[in-house]
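In what follows, a single structure is set out as structure tokens and then discussed.
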Amino acid sequence: RRVADQPAQVEKVLAEYKTAKVTKLATDGKIVFKAEISKEKLKDFIQKLRTIGLVEEKIAADIGAGENMPVVIEIVKK
């Protein structure tokens, strides 16, 4: 897949899973999306992201007990 297509694909997945508080920041070497997603949807969300590209999961130890959890998606330009 072309890296240029990935941001649009990630935005579609974020919308599909009804994520909240979505932000996008583009820098020279990468594009970073931040959002909140329902914990119930997280596993399926990650699987969907894997169809777009490589996914490395990193779970913070201090995740609270709320219904939503923060996610950060980085698209690194090669």
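Just so you know, these numbers use all the heavy atoms, side chains as well, and skip hydrogens, waters and symmetry mates.
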Pairing residues for Val55 by the side-chain contact (heavy atoms from CB on, under 4.5 Å) criterion, not counting sequence neighbours =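 Testing Val55 for side-chain contact (heavy atoms from CB on, under 4.5 Å), a comparison that skips the adjacent residues, returns Ile46, Leu49, Arg50, Glu57.
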
Does Glu36 offer a backbone N or O that forms a donor-acceptor pair with the side chain of Thr19 under 3.5 Å?
->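 Side chain of Thr19 to backbone of Glu36, a donor-acceptor pair under 3.5 Å: no, none is there.
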
Return yes if some donor-acceptor pair links the side-chain N/O of Gln6 with the main-chain N/O of Ile52 below 3.5 Å, else return no.
->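 Here the side-chain-to-backbone pair exists.
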
Which pairs with one or both residues in residues 5-25 pass ring pair (Phe, Tyr, Trp, His ring centres under 6.0 Å), sequence neighbours excluded?
->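 Listed by first then second residue: Tyr17-Phe45.
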
Between atom NZ of Lys43 and atom CD of Gln47, what is the distance when rounded to the nearest 0.5 Å?
->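 That separation rounds to 7.5 Å.
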
Roughly how far, to the nearest 0.5 Å, is CE of Met69 from CD of Glu40?
->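 The distance works out to 13.0 Å.
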
Which atoms form the tightest heavy-atom contact between Val22 and Ala35, and what is the distance?
->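 Taking Val22 first and Ala35 second, the nearest heavy atoms are CG2-CB, 3.8 Å.
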
Heavy-atom closest pair, residues Ile37 and Leu42 |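 Minimum heavy-atom separation between Ile37 and Leu42: CG2-CD1, 3.8 Å.
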
Count the heavy atoms belonging to other residues, nucleotides or ligands that lie under 6.0 Å from NZ of Lys34, then report whether that count exceeds 12.
->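 Incorrect, the count does not exceed 12.
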
Are Lys48 and Glu16 ion-paired here, with the side-chain N under 4.0 Å from a carboxylate O?
->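 Salt bridge flag = yes for Glu16 with Lys48.
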
Just grab all the side-chain hydrogen bond (donor to acceptor under 3.5 Å, both in side chains) pairs involving residues 20-32, residues at least two apart or on different chains.
->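 Found Glu11-Lys24.
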
Within a strict 4.5 Å, meaning less than it, do heavy atoms of the Val10 and Ile75 side chains meet?
->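 They are in contact (side-chain heavy atoms under 4.5 Å apart), so the answer is yes.
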
Is there a side chain to side chain contact (heavy atoms under 4.5 Å, CB included) between Ile31 and Val76 once you walk through the steps?
-> CA-CA 7 Å; Ile31 298 171; Val76 180; over 6 Å; no

Show which residues join Val72 in its hydrophobic cluster (side-chain heavy-atom contacts under 4.5 Å, direct or indirect), or state none.
->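 Same cluster as Val72: Val32.
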
